[in-house]
Every structure is written in C-alpha cells, then in structure tokens.
Chemist: 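Attaching a single structure in structure tokens format; questions to follow.
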Amino acid sequence: MQQSKMLIPTKKEAPSDAEALSHKMMIRAGYIYQVSAGVWSYLPMAYRVIRKVENIIRQEMEKAGAVEMLMPGLLPADLWKESGRYEAYGDNLFKLKDRRDRDFILGPTHEETFTEVIRDSIKSYKKLPLVVYQLQDKFRDEDRPRYGILRGKEFEMLDGYSFSADQKGLDQAYDLQAKAYRNIFDRVGLNYKVILADSGTMGGKNSQEFSAPAEVGEDVIAYTDGGYAANLEKATSKFTGVQQTDEPKELEKKPTPGAHSVDEAAESLGMESDQIIKAMFYMAKMSEDESQPVLVLMRGNDEVNEAKLKDELGCEELELASEEDAVKYLGAHPGSLGPVGVGEEVKIYADNYVKVMVNMACGANDDGHHYINANIDRDFRVDQFGDFRNVKEGEIAPDGHPIKFTPGIEIGHIFKLGTHYTHQLGAQVLDKNGRLVDVIMGSYGIGVTRLLSAVAEQTADENGLVWPDSIAPFDVHVIPVNAKKDEQMKMANEITVNLEKAGYEVLIDDRKERAGVKFADSDLIGIPIRVTVGKRASDGIVEIKIRKTGETVEVKTEEVADTVGILLKQLSEQNTNEAD
RNA sequence: CGGAAUUUAGCUCAGCUUGGUAGAGCGCUGCGUUCGGGACGCAGAGGUCGCAAGUUCAAAUCUUGUAAUUCCGACCA
C-alpha cells in the first residue's frame with residue numbers, strides 16, 4: 001500500500017484538551033477524528049487495527065463454538081418496556097421516535113433482542129446450548145465521554161449470549177467463553193487481569209471481568225502476586241479485627257463544634273480516628289415506591305463499599321440520603337450522625353470491624369455533638385453485621401498475599417445471567433421430562449474499540465503508537481529516504497513487492513517528504529518493523545528497525561524478507577510471554 | 001444532575017483589562033536552495049472572531065441569552 005494514497009493526517013501537536021497518552025497519540029498519528037463528544041471517526045489506520053482485532057475475535061469465537069450474526073442497532077422500545085429496562089437503564093439509553101410517534105431506542109446492549117429470537121425460534125432442549133455473538137456498534141448516552149475512544153457514546157462491541165436448558169450447559173458455555181476471552185486478549189498483546197467483579201445493573205450473580213492495568217483506568221483493581229484479583233467493589237481481605245477488652249465506660253456526650261469529618265471529630269475529641277464510628281446514612285430503594293433508610297457504621301478510617309452493602313440489602317438502588325432525610329429520621333445533619341437512640345424504622349448495618357470495638361465515639365444525632373464510650377447493645381442496636389468496607393493496600397487477600405492496587409480499564413465482562421431475561425420475556429423450552437423450563441442465559445462482552453485504547457495506553461511511548469504485531473495496521477513500513485532518487489524508490493518498491501509476496505502487509509512511504517518528516521510519522525503510526533532504504537542503497541544494503549525497542553540491523557536487500565520474518569516471530573513470542 | 005473553564009485561520013494559540021474593523025508559529029499553494037530525525041529563503045491562499053440579541057458613531061473586545069467542547073464531582077458498561 002502506498003502511503004500517498006492513504007489518509008493518515010498526522011499532527012505535530014495534540015489537542016490541548018487531550019489527557020490520556022492513547023488519546024493524544026491516536027489523534028497525532030492520524031488514527032481517529034472527533035465528530036462530537038464521545039463520537040469518533042475511525043480513519044484508515046485505526047480501521048485496519050479494528051479489523052485485525054475483529055478477525056482474532058472471529059477465530060476465537062469459532063473455536064468456542066459460537067456463531068456470528070447481526071442485530072439492528074435501532075430497536076423498537078416495546079421489548080425494553082417489557083423487560084423493564086426502558087426505564088431502569090436510565091439516561092444512558094438513547095430514546096427516539098419514528099414518524100408515527102412510536103418509541104425506539106438505539107441499542108446499548110442486546111440481551112432482550114437476542115432473547116426474543118431464541119424465544120420464538122427454539123422450543124426444545126435438544127436445540128440447546130446455543131451461543132451467538134455479534135460485532136456491532138453500541139449506543140450509550142454517556143454523560144461524560146472520556147479519553148478519546150476509551151469511553152464513547154457510540155462504540156464497537158463484541159456481545160455474545162449463551163442459551164442453555166440447564167445449569168451444566170451454562171457452565172460449559174461460560175467456561176468456553178472465558179477461555180476464548182483469554183485467548184483474544186493474549187493474542188492482541190494486552191497485559192490484563194481476570195478479576196472478580198460486581199455485575200452492576202446486568203443482573204445475575206456470577207461474573208468475571210477482564211481489566212487492563214493502565215494509568216487512565218476508571219476502575220481500581222485489587223490484586224496480589226499470588227494471583228488474586230478483584231474489582232475494588234468485590235475485593236475482600238482477611239478479617240484481622242481483635243476483640244477489644246477495655247471495661248465499658250459510661251456513655252458521655254461531648255460538644256464537637258464544627259467537626260464534620262471523622263478526622264475533625266477525632267481531633268476535637270482528642271482520639272484516634274479508628275476509635276470513631278463513621279455513620280453513613282443511605283436511602284435504599286427496595287422497589288418502585290418503597291425506600292428503606294439505612295444507617296451504616298464503619299470504623300472511622302474505613303470507606304463504605306456501596307456494592308457490598310447493596311448486595312446485602314438486596315435493593316434496586318442505593319444512594320446517600322439527603323440532608324433533609326438525615327434531619328427527618330435522625331435529627332441531625334451528616335457529620336453528627338450516629339446509631340444511639342435510632343428508631344426501628346431505620347435499619348442499622350455495621351461492618352465486622354465495628355463488632356469488636358468497645359467505648360467508641362460516634363455522632364450524637366445532635367448537630368455539633370458526639371458521644372464517647374458508646375457500646376453495642378448497651379447503647380445502640382445493630383441489625384446486621386457484615387463486610388461493608390473497601391479493602392486497603394497491604395491487607396491480606398484470601399490467597400494469603402498482600403493486596404496491591406492498580407487502576408484498570410475494563411475491557412471485557414462475562415456473566416452467568418441465569419433466567420432473568422428469559423423468564424421476563426417468556427423464553428422457555430421443553431426439557432427431557434416434557435416440562436417447560438426457562439432458558440438459562442449467559443452474557444459476554446468485549447469493548448472492541450476500547451481495546452484499541454487499552455493497547456495503545458499500554459504500549460505507546462513518547463514518539464507515538466507501538467502496535468503489537470498481531471493487530472498492527474501493517475507489518476512493515478518501507479521508507480525510501482529520498483523518494484526523488486530513482487535508485488532508492490526502485491529498491492524500496494522491489495522490497496515491498498517481495499515482502500508482500502512473502503505474505504506481509506506493507507506500507508511504503510512514497511511521499512516526497514524529507515527524511516525527518518518520514519521518520520517522525522513512522523514512529524507516530526507505530527508499525528512494528530521499519531525498513532529504511534537510504535544512503536547505502538547503492539551497496540544493496542538497507543536498515544531494519546524495530547519500533548518497540550529501537551534496535552536496528554543492516555541487511556542486504558535479498559535478506560530483507562527473511563529477516564523481517566525472524567523479527568516478527570520474535571516480537572510475537574515476546575508478546576505472548578508478556579501477556580502471561 | 002451539581003461546580004468550573006474554554007470557544008479567534010486546517011492545528012496550537014495571542015489579541016479582550018483600556019471598543020477604532022484580524023495576528024504569530026505550524027500546516028497548505030508556487031518558485032528556489034537543501035535532502036538520514038518534524039530544513040531554509042521569497043511570494044501567496046486562508047477567518048461574517050461558536051451562534052443570537054443588546055449597548056455604541058463603531059464590538060473579537062462591553063452586556064444578556066444560547067450552543068458546543070473540556071475538566072472536577074455525582075452516576076455508570
């Protein structure tokens with residue numbers, strides 16, 4: 001491919017508002033072009049990378065026994081109203097109307113759409129299990145698109161769905177998908193972790209998340225050298241609390257004027273923050289019109305983990321109560337809230353670490369006052385103890401190793417959905433015994449365009465992008481240093497033809513640019529191998545440079561194809577090793 | 001949904017405080033020199049200053065509204 005015929009609008013400067021390395025470099029390298037906030041055009045180079053990724057996905061899906069199909073992005077709202085997600089999905093759902101005023105949506109995910117097909121097409125367990133998938137653009141009206149194509153309003157996704165008549169079928173499909181996902185991420189050259197995850201609004205209990213450690217990651221991964229890895233929302237550590245044995249002292253109310261945070265209260269009372277109880281007041285939405293006030297007690301220096309709390313409560317939504325609600329139920333503003341004297345209408349949940357404490361300090365439900373020497377049962381009741389806190393770095397994970405934190409980009413997620421959607425939409429089959437059973441569903445997704453961001457984020461350097469050979473837009477970049485010299489152009493063309501004959505994809509920079517411009521652009525666009533045809537062309541010698549390492553070798557022209565083959569193989573093996 | 005900032009040439013930005021009719025660098029076109037790490041000289045093209053209304057003899061500049069974009073927070077595949 002001749003570079004003069006490509007559209008690769010490279011830039012010297014990145015937009016001032018670009019933050020992430022991948023964002024800056026993909027723009028500077030002429031890969032992506034912004035159309036609107038969170039909406040991007042994929043220029044020829046980016047699209048080649050996307051197609052490479054898609055091919056890897058298709059191969060691995062086929063190995064896993066999944067079959068590709070394509071659903072529309074434009075969906076009638078009816079099904080979503082039926083499943084309840086037309087409302088539940090919230091503002092991220094793009095809603096629109098057709099000319100007859102019928103409600104439509106732009107699909108943000110396709111559980112309903114696939115379930116409907118299965119419901120109407122499959123009536124017997126004999127046709128199951130079935131695993132289908134698609135590569136398609138999804139639409140989510142993200143309030144805050146970020147970091148180039150990392151979080152967009154329209155993005156390409158691999159979404160797959162398994163349908164089984166029994167749990168065993170689901171387990172098998174899930175395991176096959178998990179294996180396929182590992183293969184895909186290995187092959188695209190990504191450093192990633194498989195982590196325990198919270199399933200969010202998707203429903204279903206069992207899920208694994210695939211996350212790529214990167215500075216701009218929006219999630220926190222808690223992991224260990226022993227192999228444990230979990231989303232912060234799910235991470236647990238060994239309980240190391242020790243029952244305090246001090247004699248209970250008399251409950252005493254102290255003024256703590258102006259103290260709103262735990263630290264301020266600690267200072268005001270002259271005690272350590274870990275002897276203070278932090279009381280967070282939440283409203284848990286249990287159903288459409290029923291909200292349960294919940295007071296959560298934590299050790300002062302711990303943070304509430306809302307996902308864990310939400311699981312325990314089994315509520316639909318959980319949010320911090322408003323100041324008005326705090327005053328209404330507890331009689332004070334946040335900062336002075338506590339469990340003493342709280343009525344039965346407010347549920348009191350407490351973290352396990354609170355259970356072992358005696359003589360605690362806590363808000364007195366009287367603005368500007370705290371109690372000291374509060375004790376469980378004697379001074380206040382706790383309805384439920386549990387693990388409701390975020391783990392911290394250095395704590396011991398379930399595998400016995402100390403926990404470390406890293407930000408991560410979520411690149412894939414697989415769920416054992418169960419019968420949530422099939423039950424709602426009536427997708428049932430006859431089982432062996434002739435009984436109607438709900439089909440059991442699994443849901444699997446990879447953000448394809450986000451994958452590009454994640455890889456770029458992990459591999460780019462200060463000179464530009466550095467694509468792993470498996471998904472690079474081209475294998476080799478051939479650069480005649482001076483396109484006006486016939487000798488160099490002729491040799492470069494010959495090398496290009498030979499490499500293409502040998503099965504490589506080659507981009508030849510046939511532009512009449514100066515050497516510096518060509519080299520800078522070459523570094524920016526990040527093709528793994530560069531062949532420079534320059535001064536020593538007349539001796540039949542060219543230079544081969546590896547983009548990733550900067551290493552160069554000089555070889556005779558007739559050895560170029562062989563050398564490129566060896567180098568690409570080495571790079572590919574390095575990637576495989578690093579991905580492990 | 002709260003809070004903040006930005007919007008002037010294809011890109012990165014100056015000009016605005018103190019109103020007088022548009023600037024730089026890069027990029028682009030032509031000519032010449034140069035030719036292995038974003039060269040240099042000369043000559044050019046290119047902007048109803050986000051949009052709308054207002055104040056004024058006069059608005060990029062002041063006022064009001066509005067939109068887009070970005071950041072912080074909230075929310076969340």
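Each chain gets a letter, A, B and so on, in the order its sequence line appears, and its residues count up from 1.
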Chemist: Between A/Tyr147 and A/Leu318, just flag the one whose closest nucleotide in RNA chain B comes earlier from the 5' side.
Modeler: A/Tyr147
Chemist: Would you kindly give the CZ-to-P distance between A/Arg151 and B/rA74, to the nearest whole Å?
Modeler: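 Result: 13 Å.
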Chemist: Rounded to the nearest angstrom, tell me the gap between atom OH in A/Tyr89 and atom P in B/rC75.
Modeler: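 After rounding, the reported distance stands at 17 Å.
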Chemist: Counting neighbours of NE2 on A/His423 that are heavy atoms of other residues, nucleotides or ligands and sit closer than 6.0 Å, is the number greater than 12?
Modeler: no
Chemist: Could you tabulate the donor-acceptor pairs under 3.5 Å formed by side-chain atoms of residues 481-492 of chain A, not counting sequence neighbours?
Modeler:
residue	atom	partner	partner atom	Å
A/Asn482	OD1	A/Lys484	N	2.9
A/Gln488	OE1	A/Val481	N	3.3
A/Gln488	OE1	A/Asn482	N	2.7

Chemist: My understanding is that only residues two or more places apart in sequence, or in another chain, count here; which of them pass side chain to side chain contact (heavy atoms under 4.5 Å, CB included) with A/Val262?
Modeler: A/Ser273, A/Ile276, A/Lys278
Chemist: A/Lys392: what forms a side chain to side chain contact (heavy atoms under 4.5 Å, CB included) with it, not counting sequence neighbours?
Modeler: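 If we apply the side chain to side chain contact (heavy atoms under 4.5 Å, CB included) test to A/Lys392, skipping adjacent residues, the hits are A/Asn301, A/Asp302, A/Arg389, A/Glu395.
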Chemist: I need the CG-C1' distance between A/Leu150 and B/rC76, as an integer number of Å.
Modeler: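 Whole-Å distance recorded here is 14 Å.
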Chemist: Partner of B/rU18 by Watson-Crick or G-U wobble geometry, both contacts under 3.5 Å, or none?
Modeler: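 WC or wobble partner does not exist here.
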Chemist: Please list every donor-acceptor pair under 3.5 Å in which a side-chain atom of residues 32-45 of chain A meets a protein atom from a residue at least two apart or in another chain.
Modeler:
residue	atom	partner	partner atom	Å
A/Gln34	NE2	A/Ser36	O	3.2
A/Trp40	NE1	A/Gly148	O	3.2

Chemist: Using Watson-Crick or G-U wobble geometry with both distances under 3.5 Å, which nucleotide pairs with B/rA43?
Modeler: B/rU29
Chemist: Taking atom P in both B/rG37 and B/rA24, compute the distance separating them and give it to the nearest angstrom.
Modeler: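 That atom pair is separated by 30 Å.
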Chemist: For A/Val466, is there any backbone N or O sitting under 3.5 Å from a side-chain donor or acceptor partner on A/Thr459?
Modeler: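 Checked: pair present.
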Chemist: At under 4.0 Å between heavy atoms, what does A/Pro15 touch on the DNA or RNA strands: base, sugar-phosphate, or nothing?
Modeler: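 Here A/Pro15 touches the backbone only, sparing every base.
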Chemist: With a non-hydrogen cut-off below 4.0 angstrom, is A/Arg146 in contact with a base, only sugar-phosphate, or nothing?
Modeler: sugar-phosphate
Chemist: Roughly how far apart, to the nearest Å, are B/rA74 and B/rG10 at atom C1'?
Modeler: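 B/rA74 and B/rG10 have their C1' atoms separated by 37 Å.
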Chemist: How are the rings of A/Tyr444 and A/Tyr181 set to each other: parallel, tilted or perpendicular (split at 30° and 60°)?
Modeler: perpendicular
Chemist: Taking atom P in both B/rC62 and B/rU17, what distance in whole Å separates the two?
Modeler: 6 Å
Chemist: Taking the C1' atom of each, how far is B/rC71 from B/rA52, in whole Å?
Modeler: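 Here B/rC71 and B/rA52 have their C1' atoms 27 Å from each other.
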Chemist: Please table the atom pairs, donor to acceptor, closer than 3.5 Å between any side-chain atom in residues 210-217 of chain A and protein atoms at least two apart or in another chain.
Modeler:
residue	atom	partner	partner atom	Å
A/Ser211	OG	A/Ile409	O	3.4

Chemist: Can you tell me the pairing partner of B/rA68 across any strand shown, Watson-Crick or G-U wobble, with both distances under 3.5 angstrom?
Modeler: B/rU6
Chemist: Using atom OH of A/Tyr33 as one end and atom P of B/rG10 as the other, report the distance to the nearest whole Å.
Modeler: 10 Å
Chemist: Check nucleotides 44-47 of chain B for protein N or O atoms closer than 3.5 Å to its own N or O atoms and list the pairs.
Modeler:
none

Chemist: With both distances under 3.5 Å as the test, what is the Watson-Crick or G-U wobble partner of B/rU48?
Modeler: none
Chemist: Distance check, P atoms only: B/rU48 and B/rC28, in whole angstrom units.
Modeler: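 My reading of the P atoms in B/rU48 and B/rC28 gives 22 Å.
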Chemist: If you look at every heavy atom in A/Met25 and A/Asp461, which pair is closest and at what distance?
Modeler: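 Heavy-atom minimum between the residues: CE-O, 3.6 Å.
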Chemist: Tell me, please, which residues at least two apart from A/Asp143 pass side chain to side chain contact (heavy atoms under 4.5 Å, CB included).
Modeler: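 With neighbours one apart ignored, the set is empty.
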Chemist: I'd like a table of atom pairs between the protein and nucleotides 68-70 of chain B - only N or O on both sides, under 3.5 Å - with the distance next to each one.
Modeler:
residue	atom	partner	partner atom	Å
B/rU69	OP1	A/Ser36	OG	2.9
B/rU69	OP1	A/Ala37	N	2.8
B/rU70	OP1	A/Gln34	NE2	3.1

Chemist: Suppose we define a pair by two distances each less than 3.5 Å, Watson-Crick or G-U wobble; what does B/rU34 pair with here?
Modeler: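 Per the H-bond distance test, none.
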Chemist: Under the salt bridge (charged side-chain N to carboxylate O under 4.0 Å, His left out) rule, what pairs show up with a residue in residues 523-542 of chain A, not counting sequence neighbours?
Modeler: A/Asp523-A/Arg530, A/Arg536-A/Asp539, A/Arg536-A/Glu554
Chemist: By nearest heavy atom, map A/Ile411 and A/Ser16 onto RNA chain B; which one lands nearer the 5' end?
Modeler: A/Ser16
Chemist: Could you check how far NZ of A/Lys512 sits from P of B/rC28, rounded to whole Å?
Modeler: 15 Å
Chemist: If you measure from the P atom in B/rU61 to the same atom in B/rU55, how many Å do you get, rounded?
Modeler: 15 Å
Chemist: Tell me, for nucleotides 30-39 of chain B in 5' to 3' order, what letter each nucleotide earns: B for a base near a protein heavy atom under 4.0 Å, S for only sugar-phosphate near one, - for neither?
Modeler: ----BBBBBB
Chemist: Between A/Thr552, A/Val555, A/Val476, A/Thr532, which is the residue that forms a side-chain contact (heavy atoms from CB on, under 4.5 Å) with A/Ile544?
Modeler: A/Val555
Chemist: Between B/rG19 and B/rC57, how far apart are the C1' atoms? Round to whole Å, please.
Modeler: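 Comparing C1' positions in B/rC57 and B/rG19 gives a spacing of 12 Å.
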Chemist: In Watson-Crick or G-U wobble terms, both distances under 3.5 Å, what is the partner of B/rG23?
Modeler: B/rC13
Chemist: Determine the interatomic distance between C1' on B/rG15 and the same-named atom on B/rG20; round to the nearest Å.
Modeler: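 B/rG15 and B/rG20 have their C1' atoms separated by 14 Å.
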Chemist: Once salt bridge (charged side-chain N to carboxylate O under 4.0 Å, His left out) is applied, what residue pairs with a partner in residues 506-516 of chain A remain, sequence neighbours excluded?
Modeler: A/Asp509-A/Arg511, A/Arg511-A/Asp521
Chemist: A/Glu306 has a side chain; which of B/rC11, B/rA74, B/rC75 sits nearest to it?
Modeler: B/rC75
Chemist: Once you round it to whole Å, what is the distance between C1' of B/rC76 and CG of A/Asp141?
Modeler: 12 Å
Chemist: For A/Glu319, enumerate each residue passing the side chain to side chain contact (heavy atoms under 4.5 Å, CB included) test, keeping only those at least two apart in sequence or located in another chain.
Modeler: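 If we apply the side chain to side chain contact (heavy atoms under 4.5 Å, CB included) test to A/Glu319, skipping adjacent residues, there are no hits.
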Chemist: Whom does B/rC1 pair with, Watson-Crick or G-U wobble, provided both distances fall under 3.5 Å?
Modeler: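 Per the H-bond distance test, B/rG73.
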Chemist: Suppose we define a pair by two distances each less than 3.5 Å, Watson-Crick or G-U wobble; what does B/rA60 pair with here?
Modeler: none
